[in-house]
Amino acid sequence: MPPRTRTYQAIRKDKRMKSNNSILIVTIILMGITLVVQPTPLGAAPALPDDIQWLTNTADPVFASPEARRGGTFHTALMTFPLTFRTVGPDSNSSFRSAILGNQLSLIGLHPNTLNIIPELATHWAFDLDKKTMYFKLNPRAQWSDGVPVTADDFAFTLEFMRSEHIIAPWYNDYYTQEIDRVIVYDGHTLAVVSTKAVPDLHLKLGIAPTPRHYYQTLGPDFVRRYNWEIVPNTGAYQISYFRKGKYVMFKRKPDWWGNDLHYFNNRFNVDRVKFTVVRDFNVLWEYFKKARIDTFAMNFPQYWHIRSKTPQIEKGYIERIWFFNDTQQSAMGLWLNQDREIFRDPRLRYAFAHAMNVEKVIEQVLRNDYFRLESGFVGYGPYSNTEIRARRFDLEKVNEYMKEAGWRRGPDGIWTKGGRRFSVEVSYSIEEHTPRLVVLKEEAKKAGIELQLQRLDPSAAYKMVMEKKHDVAWMGWSTSLRPQYWEHFHSVNAHKPQTNNITNTDDPELDRLIDAYRNSLDEAERIDLSRRIQARVHEIGCFVPTFMVPYVRQAYWRWWRLPTPPGTRISGDLFDPFDSVTGGLFWFDEARHEETRQAMRKRQPFPPVTRIDETYKMKFLK
């Protein structure tokens with residue numbers, strides 16, 4: 001992770017702002033707590049501090065291309081149709097959620113290469129000396145997709161919304177109550193967001209997104225059903241225009257989007273439409289791609305990059321390939337053990353399971369040594385990563401040692417048994433292309449006396465099973481954040497209940513203490529030390545078996561799609577993400593190359609094949 005540099009510009013000091021408002025006392029009954037909100041006396045609005053220092057940042061380099069042009073329809077795919085368009089509540093935390101949230105801007109963002117704060121909905125920001133409060137000035141041009149202006153009150157409504165029992169989202173209820181204290185509205189375009197406690201990296205916590213009060217009005221017990229398929233106004237460049245359940249979802253660009261000319265949004269979000277088509281089978285998706293029914297195809301899978309790429313469309317140059325190395329946090333990809341299952345309550349059995357997983361053989365035989373071994377769930381976080389941790393390797397002797405110590409014996413079929421029970425567990429997964437990896441693990445685990453029953457499910461069904469904690473072992477990875485996140489995944493408050501990210505049901509008092517200290521610490525050195533100790537404790541508990549790390553992006557795309565130079569950012573995880581406010585929307589449609597390619601294909605005239613390898617941001621330890 002590159003060090004953060006401060007290039008913010010101090011703009012000016014703002015004097016106390018006053019306006020005439022009537023006295024208003026409002027009683028809010030929320031989550032069983034009665035709050036009395038009493039604004040300042042007649043004739044005075046809440047006053048900003050006299051010495052406030054407003055900051056902004058338009059000095060960092062732009063990362064889009066001035067050659068980009070508007071137009072075209074980008075065709076991409078979904079492996080399964082989402083269970084809802086809601087972004088909170090039951091069944092909302094699916095992969096499609098990122099497409100919706102990508103079009104919902106926050107107060108501020110982070111520059112993807114420098115990691116400095118940059119404007120989104122706010123043009124300026126300021127930090128209070130209490131280390132709990134940030135102030136923001138909204139862009140007066142910011143609008144919801146229905147044309148209603150974004151106001152400071154929409155951020156106040158975010159707290160009401162996220163704290164409401166009606167959204168059926170315990171994690172959000174807790175976070176926006178325990179972590180965010182309040183939003184102070186000074187006027188229509190000036191606000192403050194206050195943390196419940198002083199924290200480091202305050203901007204990572206308080207740059208919240210708005211929620212349209214004018215749209216929701218009043219929340220009620222019918223929220224989940226009522227808004228299951230509603231298209232909620234947003235602030236980004238695109239909005240869902242129409243959809244057909246089970247088939248596709250179409251997004252359309254707003255022609256008069258208020259953010260078109262913003263410094264870091266200029267020359268981005270270039271296509272007119274983005275169509276997500278449901279293609280439930282990866283092999284079918286590949287055929288769709290070769291027929292140009294889908295515009296890009298992820299080629300991290302070695303068999304596609306090395307073998308299936310030997311297809312006329314690529315060899316004749318109609319489709320181009322790119323191998324782009326990034327430098328970012330790595331997904332915690334691996335095997336997540338449900339400790340509420342009797343067999344995984346004993347740490348010795350968790351250790352034995354880990355030592356029965358021959359991950360290195362999978363990398364060598366299935367992944368053609370393209371992937372790297374992931375040593376823990378927290379690689380790529382700079383000093384916050386504990387680089388001394390090494391994942392448990394395949395070791396039959398250690399498996400025997402742990403199993404015998406726990407009182408297990410080999411049965412007639414070679415599988416460990418105790419009290420009539422066999423060491424046999426289900427491994428739930430959803431991607432067919434992962435089957436060969438798991439087959440090798442299964443064969444090797446059998447040598448160690450452990451039986452893996454592979455259970456491939458539809459992505460929605462697999463997700464639902466894991467979120468309801470009904471799995472034995474979940475084969476999956478998690479998205480990342482700028483700093484390691486532990487409370488969601490390992491704190492006991494999220495264990496033994498559905499719809500939380502503690503899918504291992506980890507319930508460990510020592511780990512709770514470390515996580516609480518990490519969340520409460522303001523000292524960076526202390527947080528770094530706690531982070532490393534937390535990772536060591538997670539390793540000691542043994543609830544997660546790390547597998548692979550992929551510090552790059554490999555994609556194929558029809559040659560009428562263009563990319564900037566360099567083709568992505570330091571943290572890009574998808575060069576053709578159409579929406580993400582930080583790294584998305586960099587590509588564009590080249591109509592001339594589209595016509596040129598179509599004519600060449602009709603005449604069977606080839607172009608030189610193109611494979612680009614870009615190491616601009618390649619991790620130093622890989623070079």
Side-chain angles (χ1 to χ4, degrees), residues 11-26 28 30 35-50 52-56 103-109 117-128 130 132-164 172 176-177 179-196 202-219 232-236 258-259 262 581:
I11 301 302
R12 61 185 177 87
K13 295 183 179 180
D14 227 27
K15 298 301 183 181
R16 184 177 298 253
M17 300 177 63
K18 295 183 178 181
S19 64
N20 293 323
N21 287 330
S22 300
I23 296 177
L24 177 64
I25 300 177
V26 182
I28 304 172
L30 185 63
L35 306 176
V36 178
V37 181
Q38 183 171 353
T40 51
L42 182 66
L48 287 164
D50 288 333
I52 194 168
Q53 294 283 337
W54 287 110
L55 307 171
T56 193
N103 285 291
Q104 180 58 285
L105 303 181
S106 300
L107 284 162
I108 52 177
I117 301 175
I118 57 176
E120 284 197 2
L121 290 170
T123 59
H124 301 81
W125 51 90
F127 295 88
D128 196 283
D130 67 1
K132 294 169 51 179
T133 306
M134 282 189 72
Y135 305 93
F136 300 95
K137 280 183 172 294
L138 297 181
N139 191 322
R141 296 168 53 191
Q143 290 186 347
W144 295 102
S145 48
D146 56 6
V148 175
V150 176
T151 69
D153 182 61
D154 290 320
F155 295 88
F157 185 64
T158 291
L159 261 64
E160 297 179 32
F161 181 90
M162 292 299 187
R163 290 171 173 177
S164 171
Y172 287 101
Y176 280 87
T177 301
E179 298 298 321
I180 307 296
D181 179 45
R182 64 192 185 278
V183 170
I184 304 171
V185 175
Y186 296 99
D187 59 40
H189 294 98
T190 312
L191 68 147
V193 185
V194 185
S195 170
T196 54
L202 192 63
H203 60 288
L204 301 181
K205 180 178 182 179
L206 299 186
I208 63 176
T211 305
R213 185 188 294 275
H214 71 278
Y215 176 78
Y216 286 108
Q217 297 292 330
T218 303
L219 300 178
V232 180
N234 64 22
T235 55
W258 68 271
L262 294 184
S581 66

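Being a predicted model, the structure only gives us computed values, none of them experimental. Numbers here simply count residues along the sequence, with the first being 1.
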*Asks:* On a heavy-atom basis, which atom in Asp154 and which in Trp144 lie closest, and how many Å separate them?
*Replies:*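 Here Asp154 and Trp144 meet closest at OD2-NE1, 3.0 Å.
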*Asks:* Could you give the distance from CZ (Phe157) to NE2 (His214), rounded to the nearest 0.5 Å?
*Replies:*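 Here the interatomic distance stands at 10.5 Å.
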*Asks:* So, taking the atom named CD in Gln104 and the one named CG in Asn234, what distance separates them when rounded to the nearest 0.5 Å?
*Replies:* 6.0 Å
*Asks:* Ignoring hydrogens, what is the shortest heavy-atom contact between Gly188 and Leu138? Give both atom names and the distance.
*Replies:* O-CD1, 4.0 Å
*Asks:* Looking at OG1 of Thr190 and CG of Leu48, how far apart are the two atoms once the value is rounded to the nearest 0.5 Å?
*Replies:* 6.5 Å
*Asks:* Going through the distances and angles, do Asn139 and Trp258 end up as a side chain to side chain donor-acceptor pair (under 3.5 Å)?
*Replies:* CA-CA 10 Å; Asn139 191 322; Trp258 68 271; over 6 Å; no
*Asks:* At what distance, to the nearest 0.5 angstrom, does CD1 of Ile117 lie from CH2 of Trp125?
*Replies:* 6.0 Å
*Asks:* For the pair Val194 and Asp128, evaluate side chain to side chain contact (heavy atoms under 4.5 Å, CB included) and give the outcome as yes or no after the intermediate values.
*Replies:* CA-CA 10 Å; Val194 185; Asp128 196 283; over 6 Å; no
*Asks:* What's the separation between atom CD1 in Ile108 and atom CZ in Phe136, rounded to the nearest 0.5 Å?
*Replies:*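 Rounded to the nearest 0.5 Å, the CD1-CZ separation comes out at 4.5 Å.
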*Asks:* Could you report the tightest heavy-atom contact between Thr133 and Ala192, atom names first, then the distance?
*Replies:*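 In terms of heavy atoms, the two residues are closest at CG2-CB, 4.0 Å.
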*Asks:* What is the ring orientation for Tyr216 with Phe161, classed by angle as parallel under 30°, tilted 30 to 60°, or perpendicular over 60°?
*Replies:*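 Tilted: the ring planes of Tyr216 and Phe161 meet at 30° to 60°.
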*Asks:* I'd like to check Arg163 versus Thr177 (side-chain heavy atoms, cut-off strictly below 4.5 Å). Are they in contact?
*Replies:*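 They are in contact (side-chain heavy atoms under 4.5 Å apart), so the answer is yes.
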*Asks:* With side chain to side chain contact (heavy atoms under 4.5 Å, CB included) as the criterion, how do Leu107 and Val193 come out once you've worked through the C-alpha distance, each side chain's angles and the decisive distance to 0.1 Å?
*Replies:* CA-CA 10 Å; Leu107 284 162; Val193 185; 4.1 Å; yes
*Asks:* Could you walk me through whether Tyr135 and Tyr186 pass the side chain to side chain contact (heavy atoms under 4.5 Å, CB included) test, one step at a time?
*Replies:* CA-CA 10 Å; Tyr135 305 93; Tyr186 296 99; 3.3 Å; yes
*Asks:* Considering non-hydrogen atoms only, spot the tightest contact between His203 and Met134 and give its length.
*Replies:* CA-SD, 3.5 Å
*Asks:* For the pair Trp54 and His124, name the ring-plane relationship: parallel under 30°, tilted 30 to 60°, perpendicular over 60°.
*Replies:*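 Ring orientation of Trp54 relative to His124: perpendicular.
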*Asks:* Roughly how far apart are Leu191 CG and Thr151 OG1, rounded to 0.5 Å?
*Replies:*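 Going from CG on Leu191 over to OG1 on Thr151, the span is 9.5 Å.
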*Asks:* Between the main-chain N or O of Leu105 and the side-chain N or O of Ser581, is there a donor-acceptor pair closer than 3.5 Å?
*Replies:*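 Checking the backbone N and O of Leu105 against the side chain of Ser581, no donor-acceptor pair under 3.5 Å is found.
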*Asks:* Would you say Thr211 and Val232 make side-chain contact, with heavy atoms under 4.5 Å?
*Replies:* no
*Asks:* Applying side-chain hydrogen bond (donor to acceptor under 3.5 Å, both in side chains), can you list everything that pairs with Ser106, at least two apart in sequence or on another chain?
*Replies:* none
*Asks:* Answer yes when Asp181 and Lys132 have at least one side-chain N-carboxylate O distance shorter than 4.0 Å, and no when they do not.
*Replies:* no
*Asks:* Is there side-chain contact between Val148 and Tyr215, with heavy atoms separated by less than 4.5 Å?
*Replies:* no
*Asks:* Under the side chain to side chain contact (heavy atoms under 4.5 Å, CB included) criterion, do Ile180 and Thr158 qualify, and how do the steps go?
*Replies:* CA-CA 11 Å; Ile180 307 296; Thr158 291; over 6 Å; no
